[in-house]
Visitor: 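This structure is in C-alpha coordinates; I'll ask about it shortly.
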Amino acid sequence: MLDRARVLDAGDPLADYRERFLVPEGVIYLDGNSLGCLPKATPARIEQVVREEWGQDLIRSWNSAGWIDMPVRVGAKIAPLIGAQPHEVIACDSTSVNLFKLISAALAMRPDRKVVLSEPGNFPTDLYMIDGLEKQGLATRRLAERGKLVEALGDDVALLLLTHTHYKTGELFDMAELTLAAHDAGALVLWDLSHSGGALPVDLNGCGADFAVGCGYKYLGGGPGAPAYAFVAERHLEAAQQPLTGWMGHAAPFAFSDDYAPAPGVEKLLCGTPPILGLAALEVGVDLIAEIGVERLYAKSQKLSEFFRQCLAEQGIILDLVSPIDPAQRGSQLSFRASAAYAICQALIARGVIGDFRDPDILRFGFAPAYLRFEDMTEAARHLAEVLETGEWQRDEFRERAAVT
Ligand SMILES: *Cc1c(COP(=O)(O)O)cnc(C)c1O
(Lines give C-alpha, C1' and ligand atoms only; values in the text may rest on other atoms or scores of the structure.)
Protein backbone atom coordinates (compact mmCIF):
# COMPACT_ATOMS: atom_id res chain seq x y z
CA MET A 1 0.00 0.00 0.00
CA LEU A 2 2.87 2.34 0.74
CA ASP A 3 4.05 2.04 -2.86
CA ARG A 4 0.59 2.82 -4.15
CA ALA A 5 0.33 5.76 -1.76
CA ARG A 6 3.57 7.17 -3.09
CA VAL A 7 2.33 6.88 -6.65
CA LEU A 8 -0.89 8.65 -5.68
CA ASP A 9 1.04 11.38 -3.90
CA ALA A 10 3.30 11.87 -6.90
CA GLY A 11 0.24 12.38 -9.10
CA ASP A 12 -1.63 14.57 -6.63
CA PRO A 13 -2.31 18.04 -8.09
CA LEU A 14 -2.62 19.46 -4.57
CA ALA A 15 0.61 17.92 -3.24
CA ASP A 16 2.51 21.21 -3.24
CA TYR A 17 -0.01 22.92 -0.98
CA ARG A 18 1.15 20.87 1.99
CA GLU A 19 4.19 23.16 2.09
CA ARG A 20 1.92 26.14 2.65
CA PHE A 21 0.87 24.78 6.05
CA LEU A 22 2.77 24.04 9.18
CA VAL A 23 2.25 20.33 9.73
CA PRO A 24 4.27 19.37 12.80
CA GLU A 25 7.02 16.82 12.33
CA GLY A 26 5.94 13.33 13.28
CA VAL A 27 2.25 14.17 13.27
CA ILE A 28 -0.42 12.71 11.03
CA TYR A 29 -3.18 15.21 11.51
CA LEU A 30 -6.63 13.77 11.00
CA ASP A 31 -8.38 16.50 12.92
CA GLY A 32 -8.34 19.39 10.46
CA ASN A 33 -12.13 19.28 10.65
CA SER A 34 -11.91 20.40 14.27
CA LEU A 35 -8.98 22.82 14.25
CA GLY A 36 -7.32 23.33 10.88
CA CYS A 37 -3.52 23.44 10.56
CA LEU A 38 -1.73 26.77 10.64
CA PRO A 39 -1.11 28.33 7.23
CA LYS A 40 2.57 29.31 7.11
CA ALA A 41 1.65 32.83 5.98
CA THR A 42 -0.42 33.50 9.10
CA PRO A 43 2.29 34.36 11.66
CA ALA A 44 3.84 37.00 9.39
CA ARG A 45 0.46 38.55 8.69
CA ILE A 46 -0.42 38.62 12.41
CA GLU A 47 2.95 40.13 13.17
CA GLN A 48 2.31 42.84 10.59
CA VAL A 49 -1.11 43.62 12.05
CA VAL A 50 0.31 43.74 15.56
CA ARG A 51 3.59 45.57 14.99
CA GLU A 52 2.72 47.90 12.14
CA GLU A 53 -1.02 48.36 11.98
CA TRP A 54 -1.60 48.36 15.71
CA GLY A 55 1.86 49.23 17.01
CA GLN A 56 2.68 52.09 14.68
CA ASP A 57 -0.48 53.28 13.03
CA LEU A 58 -2.73 52.76 16.03
CA ILE A 59 -6.27 54.02 15.66
CA ARG A 60 -5.62 55.29 12.15
CA SER A 61 -5.57 51.65 11.00
CA TRP A 62 -9.34 51.44 11.18
CA ASN A 63 -9.19 53.42 7.94
CA SER A 64 -5.65 53.17 6.62
CA ALA A 65 -5.38 49.39 7.04
CA GLY A 66 -9.04 48.78 6.23
CA TRP A 67 -9.84 47.27 9.63
CA ILE A 68 -13.37 48.59 9.60
CA ASP A 69 -14.14 46.73 6.36
CA MET A 70 -12.65 43.42 7.42
CA PRO A 71 -15.88 41.62 8.38
CA VAL A 72 -17.38 42.47 5.01
CA ARG A 73 -14.16 41.85 3.08
CA VAL A 74 -13.51 38.44 4.61
CA GLY A 75 -17.20 37.56 4.27
CA ALA A 76 -17.03 38.40 0.57
CA LYS A 77 -14.08 36.04 0.19
CA ILE A 78 -15.95 33.23 1.92
CA ALA A 79 -19.02 33.79 -0.27
CA PRO A 80 -17.83 31.99 -3.42
CA LEU A 81 -16.85 28.96 -1.35
CA ILE A 82 -20.47 28.51 -0.26
CA GLY A 83 -22.39 29.57 -3.35
CA ALA A 84 -23.25 33.04 -2.09
CA GLN A 85 -22.85 36.54 -3.46
CA PRO A 86 -20.17 38.68 -1.83
CA HIS A 87 -22.65 41.07 -0.21
CA GLU A 88 -24.62 38.22 1.40
CA VAL A 89 -21.88 37.00 3.78
CA ILE A 90 -20.15 38.59 6.74
CA ALA A 91 -17.39 37.28 9.03
CA CYS A 92 -18.21 37.97 12.65
CA ASP A 93 -18.77 36.58 16.14
CA SER A 94 -18.93 32.84 16.81
CA THR A 95 -21.09 30.31 15.03
CA SER A 96 -23.19 30.04 18.19
CA VAL A 97 -23.86 33.78 18.33
CA ASN A 98 -24.63 33.88 14.62
CA LEU A 99 -27.09 31.04 15.10
CA PHE A 100 -28.86 33.08 17.75
CA LYS A 101 -29.04 36.11 15.50
CA LEU A 102 -30.37 34.25 12.49
CA ILE A 103 -32.79 31.95 14.32
CA SER A 104 -34.25 35.08 15.92
CA ALA A 105 -34.40 36.87 12.58
CA ALA A 106 -36.20 33.95 10.98
CA LEU A 107 -38.73 33.71 13.82
CA ALA A 108 -39.51 37.40 13.49
CA MET A 109 -40.13 36.90 9.77
CA ARG A 110 -42.75 34.23 10.49
CA PRO A 111 -44.69 35.91 13.32
CA ASP A 112 -47.58 33.42 13.24
CA ARG A 113 -45.27 30.40 13.65
CA LYS A 114 -42.99 29.42 16.51
CA VAL A 115 -41.50 26.03 15.79
CA VAL A 116 -37.83 25.64 14.97
CA LEU A 117 -37.36 22.17 13.52
CA SER A 118 -34.08 20.32 13.74
CA GLU A 119 -32.80 16.77 14.16
CA PRO A 120 -31.85 15.02 17.40
CA GLY A 121 -28.09 14.63 17.54
CA ASN A 122 -27.47 17.88 15.71
CA PHE A 123 -24.41 19.75 16.99
CA PRO A 124 -25.21 20.72 20.59
CA THR A 125 -24.85 24.46 20.21
CA ASP A 126 -27.45 24.51 17.44
CA LEU A 127 -29.95 22.77 19.69
CA TYR A 128 -29.02 24.84 22.75
CA MET A 129 -29.50 28.13 20.92
CA ILE A 130 -33.04 27.04 20.08
CA ASP A 131 -33.50 26.15 23.77
CA GLY A 132 -32.41 29.61 24.82
CA LEU A 133 -35.00 31.21 22.56
CA GLU A 134 -37.59 28.77 23.84
CA LYS A 135 -36.89 29.89 27.42
CA GLN A 136 -37.59 33.43 26.34
CA GLY A 137 -40.93 32.30 24.95
CA LEU A 138 -39.88 33.06 21.38
CA ALA A 139 -39.48 29.55 19.96
CA THR A 140 -40.70 26.00 20.28
CA ARG A 141 -38.13 23.32 19.60
CA ARG A 142 -39.16 20.30 17.55
CA LEU A 143 -36.79 17.47 16.70
CA ALA A 144 -37.41 14.82 14.08
CA GLU A 145 -35.13 12.08 12.78
CA ARG A 146 -33.57 12.68 9.36
CA GLY A 147 -36.04 10.55 7.49
CA LYS A 148 -39.00 12.17 9.24
CA LEU A 149 -38.06 15.84 8.82
CA VAL A 150 -40.22 16.48 5.79
CA GLU A 151 -43.35 15.15 7.46
CA ALA A 152 -42.55 17.17 10.59
CA LEU A 153 -42.71 20.36 8.53
CA GLY A 154 -46.17 21.42 9.65
CA ASP A 155 -47.75 24.82 9.14
CA ASP A 156 -46.43 25.90 12.54
CA VAL A 157 -42.76 25.61 11.52
CA ALA A 158 -41.02 28.95 11.15
CA LEU A 159 -37.52 27.62 10.55
CA LEU A 160 -35.76 24.42 9.59
CA LEU A 161 -32.28 24.46 11.14
CA LEU A 162 -29.90 21.74 9.97
CA THR A 163 -26.19 21.07 9.88
CA HIS A 164 -25.23 20.28 6.30
CA THR A 165 -22.41 17.82 7.14
CA HIS A 166 -23.12 15.99 10.37
CA TYR A 167 -20.30 16.56 12.82
CA LYS A 168 -20.27 12.99 14.10
CA THR A 169 -21.12 10.85 11.11
CA GLY A 170 -20.15 13.14 8.24
CA GLU A 171 -23.48 12.40 6.56
CA LEU A 172 -24.67 15.12 4.19
CA PHE A 173 -28.17 16.46 3.91
CA ASP A 174 -29.57 17.09 0.46
CA MET A 175 -29.60 20.85 0.77
CA ALA A 176 -31.67 21.51 -2.34
CA GLU A 177 -34.34 18.95 -1.48
CA LEU A 178 -34.79 19.98 2.16
CA THR A 179 -34.73 23.68 1.38
CA LEU A 180 -37.46 23.14 -1.17
CA ALA A 181 -39.54 21.05 1.24
CA ALA A 182 -39.25 23.71 3.93
CA HIS A 183 -40.26 26.45 1.52
CA ASP A 184 -43.23 24.39 0.34
CA ALA A 185 -44.32 24.26 3.98
CA GLY A 186 -43.91 28.02 4.33
CA ALA A 187 -40.82 27.75 6.52
CA LEU A 188 -37.42 29.37 6.20
CA VAL A 189 -34.15 27.40 6.27
CA LEU A 190 -30.90 28.00 8.13
CA TRP A 191 -27.93 25.80 7.22
CA ASP A 192 -25.02 25.31 9.58
CA LEU A 193 -22.03 24.85 7.27
CA SER A 194 -19.39 24.37 9.96
CA HIS A 195 -18.18 21.03 8.60
CA SER A 196 -18.84 21.94 4.96
CA GLY A 197 -17.39 25.39 4.34
CA GLY A 198 -13.95 25.07 2.78
CA ALA A 199 -14.26 21.28 2.59
CA LEU A 200 -16.77 20.74 -0.17
CA PRO A 201 -18.68 22.80 -2.71
CA VAL A 202 -21.84 24.31 -1.26
CA ASP A 203 -24.42 26.11 -3.38
CA LEU A 204 -26.55 28.15 -1.02
CA ASN A 205 -28.15 30.29 -3.71
CA GLY A 206 -28.50 27.40 -6.12
CA CYS A 207 -30.51 25.65 -3.41
CA GLY A 208 -32.53 28.75 -2.52
CA ALA A 209 -31.26 28.79 1.07
CA ASP A 210 -32.42 31.64 3.28
CA PHE A 211 -29.73 31.76 5.95
CA ALA A 212 -26.48 30.03 6.83
CA VAL A 213 -23.74 30.12 9.42
CA GLY A 214 -20.37 28.43 9.59
CA CYS A 215 -17.16 28.12 11.44
CA GLY A 216 -13.82 29.79 10.71
CA TYR A 217 -11.39 27.53 12.55
CA LYS A 218 -12.13 24.15 10.94
CA TYR A 219 -11.49 23.73 7.22
CA LEU A 220 -11.01 27.46 6.71
CA GLY A 221 -7.88 27.43 8.87
CA GLY A 222 -8.63 30.66 10.76
CA GLY A 223 -7.11 29.48 14.05
CA PRO A 224 -8.58 28.70 17.47
CA GLY A 225 -11.77 30.66 18.10
CA ALA A 226 -11.58 32.36 14.71
CA PRO A 227 -14.55 34.52 13.75
CA ALA A 228 -17.41 32.64 12.16
CA TYR A 229 -19.53 33.71 9.19
CA ALA A 230 -23.16 34.33 8.48
CA PHE A 231 -25.15 34.40 5.23
CA VAL A 232 -28.43 36.14 4.53
CA ALA A 233 -29.94 35.67 1.07
CA GLU A 234 -30.17 38.95 -0.80
CA ARG A 235 -33.97 38.80 -0.88
CA HIS A 236 -34.04 38.82 2.94
CA LEU A 237 -31.41 41.47 3.56
CA GLU A 238 -34.01 44.14 4.08
CA ALA A 239 -36.58 42.19 6.11
CA ALA A 240 -34.21 40.23 8.33
CA GLN A 241 -33.67 41.92 11.69
CA GLN A 242 -31.34 40.50 14.26
CA PRO A 243 -31.76 41.07 17.98
CA LEU A 244 -28.18 41.94 18.99
CA THR A 245 -28.56 45.56 18.00
CA GLY A 246 -25.04 46.71 18.73
CA TRP A 247 -23.55 49.86 17.33
CA MET A 248 -21.43 48.20 14.66
CA GLY A 249 -24.59 46.94 12.95
CA HIS A 250 -26.02 50.44 12.88
CA ALA A 251 -26.65 52.17 9.56
CA ALA A 252 -24.27 54.94 10.67
CA PRO A 253 -22.18 53.74 13.63
CA PHE A 254 -20.16 56.92 13.76
CA ALA A 255 -23.16 59.24 13.82
CA PHE A 256 -23.46 58.21 17.51
CA SER A 257 -27.21 58.56 17.40
CA ASP A 258 -29.32 57.60 20.44
CA ASP A 259 -31.58 55.44 18.35
CA TYR A 260 -30.81 52.20 16.60
CA ALA A 261 -31.29 51.91 12.87
CA PRO A 262 -29.96 48.75 11.23
CA ALA A 263 -27.48 48.91 8.38
CA PRO A 264 -29.30 48.09 5.15
CA GLY A 265 -26.93 45.31 4.11
CA VAL A 266 -25.37 42.27 5.71
CA GLU A 267 -23.42 44.62 8.04
CA LYS A 268 -26.57 44.66 10.15
CA LEU A 269 -25.40 41.31 11.51
CA LEU A 270 -22.50 42.96 13.27
CA CYS A 271 -22.83 43.69 16.94
CA GLY A 272 -19.65 45.02 18.56
CA THR A 273 -16.18 46.00 17.40
CA PRO A 274 -14.73 43.31 15.13
CA PRO A 275 -11.75 41.24 16.38
CA ILE A 276 -9.09 42.36 13.94
CA LEU A 277 -6.39 39.84 14.89
CA GLY A 278 -8.82 36.98 14.47
CA LEU A 279 -10.11 38.31 11.18
CA ALA A 280 -6.57 38.80 9.88
CA ALA A 281 -5.74 35.16 10.59
CA LEU A 282 -9.02 33.98 9.12
CA GLU A 283 -8.40 35.96 5.95
CA VAL A 284 -5.10 34.16 5.35
CA GLY A 285 -6.81 30.79 5.73
CA VAL A 286 -9.71 31.73 3.47
CA ASP A 287 -7.38 33.09 0.77
CA LEU A 288 -5.45 29.84 0.77
CA ILE A 289 -8.52 27.61 0.61
CA ALA A 290 -9.97 29.78 -2.15
CA GLU A 291 -6.71 29.54 -4.08
CA ILE A 292 -6.80 25.73 -3.94
CA GLY A 293 -10.54 25.59 -4.67
CA VAL A 294 -13.25 23.62 -2.90
CA GLU A 295 -13.97 21.36 -5.87
CA ARG A 296 -10.39 20.13 -5.94
CA LEU A 297 -10.30 19.83 -2.16
CA TYR A 298 -13.44 17.74 -2.04
CA ALA A 299 -12.28 15.50 -4.89
CA LYS A 300 -9.04 14.81 -3.05
CA SER A 301 -10.69 14.26 0.31
CA GLN A 302 -12.97 11.63 -1.21
CA LYS A 303 -9.94 9.87 -2.67
CA LEU A 304 -8.12 10.08 0.65
CA SER A 305 -10.99 8.65 2.66
CA GLU A 306 -11.59 5.85 0.17
CA PHE A 307 -7.90 5.05 0.18
CA PHE A 308 -7.90 5.04 3.98
CA ARG A 309 -10.73 2.51 3.95
CA GLN A 310 -8.70 0.31 1.59
CA CYS A 311 -5.70 0.60 3.90
CA LEU A 312 -7.83 -0.48 6.86
CA ALA A 313 -9.12 -3.46 4.89
CA GLU A 314 -5.58 -4.35 3.88
CA GLN A 315 -4.53 -4.27 7.54
CA GLY A 316 -7.46 -6.52 8.41
CA ILE A 317 -9.02 -3.84 10.59
CA ILE A 318 -12.73 -4.28 11.00
CA LEU A 319 -14.43 -1.24 12.47
CA ASP A 320 -18.08 -0.31 12.33
CA LEU A 321 -18.37 2.55 9.82
CA VAL A 322 -21.04 5.05 10.81
CA SER A 323 -20.36 7.43 7.94
CA PRO A 324 -22.11 6.79 4.63
CA ILE A 325 -20.16 4.27 2.58
CA ASP A 326 -20.79 6.29 -0.59
CA PRO A 327 -18.25 9.14 -0.57
CA ALA A 328 -20.74 11.41 -2.36
CA GLN A 329 -23.03 11.15 0.68
CA ARG A 330 -20.49 12.32 3.20
CA GLY A 331 -18.25 15.28 3.96
CA SER A 332 -14.47 15.03 4.44
CA GLN A 333 -14.49 12.57 7.30
CA LEU A 334 -14.92 8.94 8.30
CA SER A 335 -16.33 7.95 11.65
CA PHE A 336 -16.32 4.54 13.22
CA ARG A 337 -18.16 3.17 16.21
CA ALA A 338 -16.09 1.25 18.75
CA SER A 339 -16.79 0.73 22.43
CA ALA A 340 -13.12 1.51 23.18
CA ALA A 341 -13.11 4.55 20.88
CA TYR A 342 -11.77 6.89 23.56
CA ALA A 343 -8.79 4.74 24.49
CA ILE A 344 -8.00 3.88 20.87
CA CYS A 345 -8.02 7.56 20.03
CA GLN A 346 -5.67 8.35 22.92
CA ALA A 347 -3.30 5.54 21.96
CA LEU A 348 -3.20 6.89 18.39
CA ILE A 349 -2.53 10.43 19.62
CA ALA A 350 0.40 9.11 21.66
CA ARG A 351 1.80 7.81 18.35
CA GLY A 352 1.28 11.18 16.66
CA VAL A 353 -1.85 10.15 14.77
CA ILE A 354 -4.33 12.81 15.80
CA GLY A 355 -7.96 12.01 15.15
CA ASP A 356 -10.71 12.63 17.63
CA PHE A 357 -13.25 11.01 19.83
CA ARG A 358 -16.88 11.99 20.04
CA ASP A 359 -18.88 10.79 22.97
CA PRO A 360 -19.81 8.07 23.64
CA ASP A 361 -18.17 5.71 21.14
CA ILE A 362 -17.20 7.48 17.94
CA LEU A 363 -13.71 7.52 16.51
CA ARG A 364 -13.58 10.33 13.98
CA PHE A 365 -10.97 10.95 11.30
CA GLY A 366 -11.06 14.13 9.27
CA PHE A 367 -9.33 14.37 5.91
CA ALA A 368 -8.39 17.98 5.38
CA PRO A 369 -7.03 17.47 1.88
CA ALA A 370 -4.93 20.61 1.61
CA TYR A 371 -2.14 19.15 3.69
CA LEU A 372 -2.66 15.39 3.91
CA ARG A 373 -0.82 12.86 1.80
CA PHE A 374 -1.91 9.41 0.71
CA GLU A 375 1.14 8.15 2.54
CA ASP A 376 -0.42 9.52 5.74
CA MET A 377 -3.35 7.17 5.14
CA THR A 378 -1.20 4.04 5.01
CA GLU A 379 0.75 5.19 8.05
CA ALA A 380 -2.35 6.00 10.06
CA ALA A 381 -3.86 2.62 9.20
CA ARG A 382 -0.64 0.86 10.19
CA HIS A 383 -0.60 2.63 13.56
CA LEU A 384 -4.25 1.80 14.12
CA ALA A 385 -3.59 -1.85 13.33
CA GLU A 386 -0.72 -1.93 15.81
CA VAL A 387 -2.76 -0.23 18.53
CA LEU A 388 -5.52 -2.79 18.09
CA GLU A 389 -3.36 -5.88 17.64
CA THR A 390 -1.02 -5.25 20.55
CA GLY A 391 -3.84 -4.22 22.88
CA GLU A 392 -1.91 -1.01 23.48
CA TRP A 393 -5.16 0.92 23.88
CA GLN A 394 -5.88 -1.02 27.07
CA ARG A 395 -3.20 0.82 29.01
CA ASP A 396 -4.56 2.82 31.91
CA GLU A 397 -3.08 6.06 30.68
CA PHE A 398 -5.23 5.88 27.54
CA ARG A 399 -8.44 5.12 29.34
CA GLU A 400 -8.59 8.06 31.71
CA ARG A 401 -10.68 10.83 30.32
CA ALA A 402 -9.30 14.36 29.99
CA ALA A 403 -11.62 17.36 30.38
CA VAL A 404 -11.28 18.47 26.78
CA THR A 405 -11.32 15.76 24.19
C1 LIG B 1 -17.85 23.42 15.34
C2 LIG B 1 -19.31 23.68 15.20
C3 LIG B 1 -19.89 24.80 15.77
C4 LIG B 1 -19.04 25.69 16.62
O5 LIG B 1 -19.69 26.74 17.22
P6 LIG B 1 -18.81 27.77 18.06
O7 LIG B 1 -19.76 28.84 18.39
O8 LIG B 1 -17.67 28.19 17.19
O9 LIG B 1 -18.28 27.07 19.25
C10 LIG B 1 -21.23 25.04 15.54
N11 LIG B 1 -21.97 24.18 14.80
C12 LIG B 1 -21.44 23.07 14.26
C13 LIG B 1 -22.27 22.16 13.44
C14 LIG B 1 -20.09 22.79 14.45
O15 LIG B 1 -19.57 21.68 13.94
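For ligands, and for the atoms within them, numbers begin at 1 and follow the listed sequence. Bear in mind that the values here come from a model prediction, so they are computed numbers and not experimental data. Only this structure's heavy atoms are used, side chains among them; waters, hydrogens and symmetry mates stay out.
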Visitor: How about F211 and F231: are their ring centres within less than 6.0 Å of each other?
Guide: no
Visitor: Whether the S196 and W191 side chains hold a donor-acceptor pair (N or O, under 3.5 Å, no angle test) is what I'd like checked.
Guide: no
Visitor: Just verifying a value: how many Å separate L348 CG and F365 CZ, rounded to the nearest 0.5 Å?
Guide: 5.5 Å
Visitor: Can you list every protein residue that has a heavy atom under 4.0 Å from any atom of ligand 1, sorted by chain and residue number?
Guide: S94, T95, S96, F123, T125, D126, T163, D192, S194, H195, Y217, K218
Visitor: Regarding E234 and N205, do their side chains bring together a donor and an acceptor under 3.5 Å, going by distance alone?
Guide: no
Visitor: Do the side chains of E379 and R382 get close enough for a salt bridge, i.e. N-O under 4.0 angstrom?
Guide: yes
Visitor: Under the side chain to side chain contact (heavy atoms under 4.5 Å, CB included) rule, collect the residues that match up with D16, sequence neighbours excluded.
Guide: none
